[in-house]
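Below is one structure; the comments refer to it alone.
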Protein chains: 2
Amino acid sequence: MARPRKEQELDIPRRAVEETIRLLAQQGDFGVPLTAVAQAVGCTAPALYGHFRNKNALLRAARDEGFGRLYNEKFAVFEQMRGDPFGYLRDGSYAYARFALENPTLYRLMFSPPPKLGVSDDPWSSEAGRQVLSLLLTGLRSSQEHGYLPGADLQRYGFMFWSTIHGAVSLNIQNRLLDHAAKWDSTQSVIDALMEMIAATGPAKHPITS
Amino acid sequence: MARPRKEQELDIPRRAVEETIRLLAQQGDFGVPLTAVAQAVGCTAPALYGHFRNKNALLRAARDEGFGRLYNEKFAVFEQMRGDPFGYLRDGSYAYARFALENPTLYRLMFSPPPKLGVSDDPWSSEAGRQVLSLLLTGLRSSQEHGYLPGADLQRYGFMFWSTIHGAVSLNIQNRLLDHAAKWDSTQSVIDALMEMIAATGPAKHPITS
DNA sequence: CCAAGAACTGAATGACATTCAGTTTGAGGC
DNA sequence: GCCTCAAACTGAATGTCATTCAGTTCTTGG
């Protein structure tokens, strides 16, 4: 058996990424054997080398796919929330956190990749992350136009905003003493506190204390 | 050559941890070969198994040592800042950020360890992290006694505070497009913004805008 | 001085990633 | 329909570690 017949042809690149993400979640670790991916796809390990330079390239592809999925989820919320930038900031953050907590290993691959992935060597790899950030900045800019964060340096606040949520999500993912619900509550509490602070700067529609 | 003579006896456990941390920093990756650690220590790889159950145990020890060093640095600032809780929060955060940016790989090992380390299986492993957090909470409590954050839920704000700094540090460590100075500036900016927010809740000694 | 055990070492073993030569199939030219 | 070639794989190495184990050499208590 060598080259497969047309009927059995399978879209290895796409399926490999898909299965890698699935195995990443299943094993909770980046150390997924290429052999396991190949088996899940239905080919042998060397066959993957026809589509990816090496294992790192496959993980990079999975990472990019992760950014794509995260962007899509955030973008869906964005579309749904047109006209309510404050609501977008809140629900977009929830969506972000939910994605992270539901795909912890993929999230770790996206934001704490092992340096050997050579992520920074590839100009495309940070591009997806930048898109996610730009979505946040758009939300902040709109919020500012609606009276929130008057006079604030959005670049600066945007990074702080992202840092807070990324930090909360990371710490909660890492803390294995908490179950899923507890992680979510803890993360949501941080997001809510953040939103309260922003609300406090706004046109006084949202009261500071409940 | 088998058992070493007393003169050549070397404190393998301590030296192994030390060299592991050094190699971690040098290689910028958790994938430090045990052989390399052994060579740096001056013994063979199997000799390490007399002191650590396996490589993960060695990495856990390095991680604990990292928490110890971080705690020491924060504690030094704490002692130095007695009577100025707001100053402690600021300088303690700087110390935390400096530690993270100067030991990026060790920091990653401490806060984004590969799950296979089995970190959560060991009740001691989170203890050190908890001490660092309790130092922060003490700072917040003192700040509250001095008039800042009136009525705030410290547990909640403490976690948010930590999340923000951890997030900023993590994102900056990960961004390889920035050089060391730029990472530091970016992180400091986040800390300053955070401190401004806390100052704004205080006894009006610290003006909100510069 | 001796026995027992401590502390290592060198030589396997085993899991993977990665490479390579060889095989089979799809497609285009005739 | 047949032939040739490149594409797409496969099975069998190779190399890099982590980990184990049997065997060797010190140290120490008697």
Side-chain angles (χ1 to χ4, degrees), chain A residues 1-17 19-20 22-24 26-63 105 109 113-119 121, chain B residues 1-17 19-20 22-24 26-63 105 109 113-119 121:
Chain A
M1 187 184 355
R3 177 174 185 167
R5 304 204 179 155
K6 209 166 191 180
E7 319 123 33
Q8 347 172 318
E9 219 171 13
L10 20 85
D11 187 3
I12 288 188
R14 201 164 307 278
R15 297 220 38 215
V17 168
E19 294 297 336
T20 298
R22 197 177 56 74
L23 289 167
L24 234 34
Q26 184 186 310
Q27 308 215 355
D29 200 288
F30 302 159
V32 175
L34 262 199
T35 313
V37 175
Q39 190 184 333
V41 167
C43 63
T44 61
L48 295 173
Y49 284 80
H51 305 275
F52 302 93
R53 185 182 308 288
N54 52 31
K55 188 181 178 180
N56 285 342
L58 173 59
L59 285 176
R60 274 200 300 274
R63 182 170 178 267
T105 309
L109 180 64
K116 60 177 157 193
L117 277 204
V119 152
D121 306 346
Chain B
M1 186 181 2
R3 176 172 187 169
R5 306 208 176 150
K6 208 164 190 181
E7 318 122 35
Q8 348 171 317
E9 219 171 14
L10 19 85
D11 187 2
I12 288 186
R14 199 166 308 280
R15 294 218 42 215
V17 168
E19 294 297 333
T20 299
R22 197 176 57 75
L23 289 168
L24 235 33
Q26 185 187 309
Q27 308 215 356
D29 200 287
F30 302 160
V32 175
L34 261 198
T35 312
V37 175
Q39 192 183 334
V41 167
C43 64
T44 62
L48 295 173
Y49 285 80
H51 306 275
F52 301 94
R53 186 182 309 285
N54 54 30
K55 188 181 180 180
N56 285 343
L58 173 58
L59 285 177
R60 274 201 298 274
R63 181 169 179 268
T105 309
L109 180 63
K116 59 177 158 193
L117 277 203
V119 152
D121 305 345

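No experiment lies behind these values; they were computed from the predicted model shown.
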Using atom [atom1] of [X] as one end and atom [atom2] of [N] as the other, report the distance to the nearest whole Å.
X	N	atom1	atom2	result
Asp29(A)	dC16(C)	CG	P	12 Å
Phe52(B)	dA7(C)	CZ	P	14 Å
Ile12(A)	dA8(D)	CD1	P	9 Å
Gln39(A)	dG11(D)	CD	P	13 Å
Lys55(B)	dA15(C)	NZ	C1'	14 Å
Leu48(A)	dT19(C)	CG	C1'	14 Å
Leu59(B)	dA18(D)	CG	P	10 Å
Asn54(B)	dG14(C)	CG	P	19 Å

Heavy-atom side-chain proximity of [X] to [Y] below 4.5 angstrom:
X	Y	result
Pro114(A)	Phe30(B)	no
Pro33(B)	Gln27(B)	yes
Phe52(B)	Val17(B)	yes

If we ignore hydrogens and angles and just use 3.5 Å, is the side chain of Asn54(B) paired with the main-chain N or O of Tyr49(B) as donor and acceptor? no
Treating Lys55(B) as the side-chain partner and Val32(B) as the backbone partner, does any N or O pair qualify as donor plus acceptor under 3.5 Å? yes
Nearest to the [X] side chain among [options], which nucleotide is it?
X	options	answer
Ala47(A)	dA18(D), dT9(C), dT10(D)	dT10(D)
Cys43(A)	dA18(D), dT10(D), dT9(C)	dT10(D)
Leu34(A)	dT10(D), dT18(C), dA18(D)	dT18(C)
Tyr49(B)	dC8(C), dT19(D), dC17(D)	dT19(D)
Pro46(B)	dT20(D), dA17(C), dC9(D)	dT20(D)

Compare side-chain N and O positions of His51(B) against OP1 and OP2 of dC8(C) and report whether any pair is under 4.0 Å apart. yes
So does Thr44(B) get a side-chain nitrogen or oxygen closer than 4.0 Å to the phosphate oxygens (OP1/OP2) of dT9(C)? yes
Answer with base, sugar-phosphate or nothing: what part of the nucleic acid does Val37(A) contact at a heavy-atom distance below 4.0 Å? nothing
